[in-house]
Structure formats: structure tokens, C-alpha cells
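Below: one structure, written as C-alpha cells.
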Amino acid sequence: MTPSARLSAAIEVLADIAERRRPAADALKDWGLAHRFAGSGDRAAIASLVYDGLRRRASAAWIMGQETPRAVLIGMLRLQRGLAAPTIASLFNGGRFAPEPLSAQEQERLANGSLDDAPPEIAGDAPDWVLPSLQGVFGGDLLPELRALGRRAPLDIRVNRLKLDRDEALSRLAHLAPELTPHAPMGLRIPLGEDGRGPALHIEPEFIEGLYEIQDEGSQLATLLSGARPGETIVDLCAGGGGKTLGLAALTRNKGRIIATDADPRRLAPIHERLRRSGAEAEIRTPRAGRARADVLTDLDGTVDRVLVDAPCTGTGTWRRNPDAKWRLRPGSLALRVSEQAQVLDRAAELVRPGGRIVYVTCSLLPEENDAAVAGLLKRQGERFAVVAADEVLAAGTPGLAPFVRLTQQGLQMSPALTGTDGFYVAALERRA
């Protein structure tokens, strides 16, 4: 496919997303099934155009004066890809499979459209209803943080210290040209291609051998900030696919008792193979399917040293990776997540022993899911719990991280602009003896 034909395809996919209000991944998959002539390189390039268009949907529409998929893509090529107007015009040439030529109005907007007077939700490409909450977190850094959320996310891996150290991994993975992550001591960053995509890491021999896991540096840091120690009994209460479970096993050198579970048993499906590949040791407790799911942790109540709650959340901190998610987020979704967070925190409170800790983690930037959730638990539990000071949490994990996080009332917040990671929040609470 020519570059112009890929643009036509991307406009078609963006129109499908807008008309049917569906996730971008579903629309891209259906387009690929309906156009089997497109090779893997074509599909990757089209996906990159679509996701970049979604990243700059509001700002691109603003400078073009229209909200159509075509206008969004034209504006994105200027704002996100930095293409000059003549280059964009050469792609929109009206040739075979190419988009129609630029109109006089489109050429004028492309030349003179500006974000100088755009409100923050436009200049920062974010839903307007979340801005008051984000303003409370970022203050004067709101716009730089929103723009950082609109950039492509890096590709990070966590070296599996159960099998090798980071220096050995650098040598083994030299063909991928990895770099050290700025903060995580076992992290490596893999360069991306021009289309924003990285190599197929899951088929590398080193991945198959369990030498590394694909994991954002922020997620790696959240695991470190849990302060997990060898010999402890640790419950990963919302384990999902097991990324942090594997991190906990590596952190404790397989010298603790780690129990992983999740309210949705389907999410636990990948964890068994990941444990086998990595050599990590953990006990998996899978709830039975159905409405009446028996609690599989009652025998642990009041005995657990540390409970990691990687809570279900809106995922606002991962908008770099899922740009369509921000446009599909609704206030009702936030309310549902807040309710779920209260439930898992209350369950964690029953598991932890006196003197033990709950480590609460989200990949959200919204204080309703972060400080407010912690404050809610403190209110419901009376005097049973106390917040652990953020400097103590940092000292136990990565003390050099302190200048690169925002301290909040109850915990600490990572962010793309300040930390260079997804927007993870971490708070620790200790049960009073």
C-alpha cells in the first residue's frame, strides 16, 4: 500500500470508531479482516496513524475547524508528525486509493490554524469533565502533563533477576539496542521504529527463556515501592495477568509466600505460563466462575504481612498507550471503579495482620481513585490503619525516585512528564498493632 492509501484506510477506521463508538483495536482488527491484501507492515502503519489521530483528536480538529476523521488526520500529520503543508498536500493527492486533494479551506487552516487560544481540554487533548480533577493534581503543570499523555509511550522490559542481572541482559539483548531505564534498577528500554512500534519481543528467544517480561517502568517501580521482603506472606489481590506477581517473586528472590488471586478468574489465565517461564514461585487461587463466588482467601484473614492492591481503575495514567480510552471514558465508569476500589480495599483490610501493610496502586491520575480511595478506607476502618509517610515508602523502594514524583496527601503520583512513566499512584497503609 502507498502512504496515501494507508491514510485513506486510517480515515476509514477512524470513521468506524466514531460512528459505532467502539474500541480502536476492534475497528482495526475488522478492517484487517476485510482487507486481507494489506500486509503486516501496512496494518502496523495504519494502526499507528489511527492511534496518533486519537491522541490529537481534539487539537487537530481545532486547528482544522472540523471534527471529521479526515480533518483529524490532516491536523495530526501537522501537530503529531510535524509534516509541512506541502508534504501533507502531496499525500492527499486524489490519486488511486488516495484521499481527495486538500480544499482551499483545508489548506488555509493547515497553514494558519493555531492552538494559541485553545482551552486546556483542546490543547491537551483530554475530556473536559476530568480537567478539574487533573488540575488539582498537576496545578500549573496541567498542560505539559496532558501533552506528555499525548505522546507515544516507550517500550520497557523488566529483566528477571531470578535468572540474570541487568548487565548480562544488556549483552544478551544487544541486537535490540536496549538502554537503561532512568529509575527502575532492572528495567531496559527498547527503541521504537518510526511508526511507533517496537520489535516483536514476545518471540525473542530470551523472552521464551523467561529472561525478561514486558512491563512499563512505572509498573516496575510500583512493585518496588511495595517494599516486599523475603520471608513475608504477600497477597496480590488483583493479580490479573500476573505482572506484579512475577515482580514480587523476583523482589523476594522466591523466598516468600506469594498468593495471587483476582475477582475475575478469566484475567488469571496467562499467569500460569508466565510463572513457568520465569521460574517465579507463587500460589494461584482462582475463584469459581458464576455469581456466587466463594472467597478463596478466608484462611488468610489477619495473617498477611503485605497485601498488594493493584486496583481496577479508569486507566487515565495509561492514555499514552490507549488513546481511544480517554474519549470513551464516562463519569459513570469512574463511579463504578470507585465502588470497586472500596470493595477491594476493605477486603485487603481483613487480610492484613497487625503491623502489616496494604500497598494500594492504581494506573490512574484522578484523585477520586487515589487519595480519596485511601481516605475512604481510613474513614471506614476508624483507627485501625495509618498512612505510611511517602518518604518512608520511597526509601524502601527507590530513594533516588523522590525528585521525580509528586507527593499527594496520602501517597505519591508518577506521571509521564515528571517521571517519564505511565501515571501510577502508590500509597501504603499500616495496620496498627
Side-chain angles (χ1 to χ4, degrees), residues 23 25 153 156-158 160 184 201-202 207 210 212-226 228 234-252 256-278 280-290 293 295-297 300 304 306-322 325 329 333 336-348 351 358-365 369-370 373 414 421-427:
D156 298 335
I157 62 175
R158 177 184 58 79
N160 181 7
L201 293 177
H202 62 286
F207 177 81
Y212 66 81
E213 288 288 329
I214 302 167
Q215 187 178 29
D216 175 67
E217 187 184 18
S219 181
Q220 297 179 43
L221 292 169
T223 306
L224 287 168
L225 292 169
S226 73
I234 305 167
V235 171
D236 188 353
L237 192 56
C238 306
K244 291 185 178 65
T245 303
L246 269 62
L248 290 168
L251 190 58
T252 58
R257 182 190 180 194
I258 299 174
I259 301 100
T261 189
D262 197 284
D264 185 348
R266 295 168 298 182
R267 297 186 63 213
L268 288 167
I271 198 171
H272 301 280
E273 172 58 21
R274 296 179 77 181
L275 288 170
R276 183 203 63 77
R277 188 175 63 239
S278 69
E281 296 177 3
E283 177 185 342
I284 311 303
R285 297 198 182 185
T286 306
R288 289 191 296 272
R293 293 178 181 168
D295 191 323
V296 294
L297 300 175
L300 298 173
V304 176
R306 204 171 300 264
V307 182
L308 177 64
V309 179
D310 187 6
C313 68
T314 57
T316 51
T318 65
W319 280 351
R320 300 186 302 175
R321 302 177 191 280
N322 305 296
L329 181 63
S333 301
L336 175 62
R337 292 293 179 244
V338 167
S339 174
E340 292 172 340
Q341 289 149 12
Q343 292 177 32
V344 294
L345 277 169
D346 286 342
R347 185 66 191 95
L351 286 166
I358 298 172
V359 181
Y360 179 69
V361 177
T362 73
C363 53
S364 174
L365 298 165
E369 301 185 275
N370 297 335
M414 295 178 246
T421 66
D422 288 347
F424 279 90
Y425 170 89
V426 180

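Along the sequence shown, residues carry numbers from 1. Being a predicted model, the structure only gives us computed values, none of them experimental.
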Could you measure the distance from the CG atom of L201 to the CD1 atom of I214? Nearest 0.5 Å is fine. 4.5 Å
Contact between S219 and D422 at the side-chain level, heavy atoms closer than 4.5 Å - yes or no? no
Under 3.5 Å, is there a donor-acceptor pair between the side chain of Q220 and the main chain of I157? yes
Are any side-chain N or O atoms of E217 and backbone N or O atoms of A184, one a donor and one an acceptor, separated by less than 3.5 Å? yes
Should L237 and L351 count as side-chain neighbours, where that means a heavy-atom distance under 4.5 Å? yes
Would you name the heavy atoms of D264 and D262 that are closest together and state the gap between them? N-OD1, 2.9 Å
Search all heavy atoms of G241 against all heavy atoms of R274 and return the closest pair with its distance. O-NH1, 2.9 Å
Spatial distance of atom OG1 (T286) from atom CZ (R267) [nearest 0.5 Å]: 13.0 Å
Quick check: do I284 and L275 have side-chain heavy atoms less than 4.5 Å from each other? yes
Would you confirm whether R285, through its side chain, and V296, through its main-chain N or O, come within 3.5 Å as a donor-acceptor pair? yes
Kindly indicate whether the side chain of W319, heavy atoms from C-beta on, has any atom under 4.5 Å from the side chain of L365. no
Between T314 and E369, is any side-chain donor less than 3.5 angstrom from a side-chain acceptor? yes
Pairwise side-chain contact, S339 with Q343, heavy-atom cut-off 4.5 Å (strictly under): yes
Checking V304, V235, D236, T245 against I259 for side chain to side chain contact (heavy atoms under 4.5 Å, CB included), the one that qualifies is V235
List the atom of A263, the atom of P287, and the distance in Å for their closest heavy-atom pair. O-CG, 4.4 Å
May I ask you to decide if S226's main-chain N or O and R306's side chain share a donor-acceptor pair within less than 3.5 Å? yes
Just verifying a value: how many Å separate R347 CZ and C238 SG, rounded to the nearest 0.5 Å? 11.5 Å
Considering non-hydrogen atoms only, spot the tightest contact between A250 and R158 and give its length. CB-NH1, 3.8 Å
For K244, which of T223, V359, L251 qualifies under side chain to side chain contact (heavy atoms under 4.5 Å, CB included)? T223
Does the side chain of S278 pick up a donor-acceptor pair with the side chain of N160 at under 3.5 Å? no
Rounded distance (nearest 0.5 Å) linking atom CD1 of I234 with atom CZ of R257: 11.5 Å
Indicate the ring-plane relationship of Y425 and Y360, choosing parallel, tilted or perpendicular according to the 30° and 60° boundaries. perpendicular
Are E213 and R277 side-chain neighbours, meaning at least one heavy-atom pair lies under 4.5 Å? yes
In the structure I gave you, are the side-chain heavy atoms of F424 and L225 within less than 4.5 Å of one another anywhere? no
Rounded to the nearest 0.5 Å, how far does CG of L308 lie from CG of L248? 5.5 Å
Using a 3.5 Å distance criterion without hydrogens, assess whether the side chain of Q341 forms a donor-acceptor pair with backbone atoms of P312. yes
Heavy-atom nearest pair, A373 first then L345, reads O-CD1, 3.6 Å
Atom CG of D216 and atom CG of D156: how far apart are they, to the nearest 0.5 Å? 5.5 Å
Minimum heavy-atom distance between L268 and A239, given as atom pair plus value: CD2-CB, 4.0 Å
Given side chains that start at C-beta, do those of R337 and L329 come closer than 4.5 Å, heavy atoms only? no
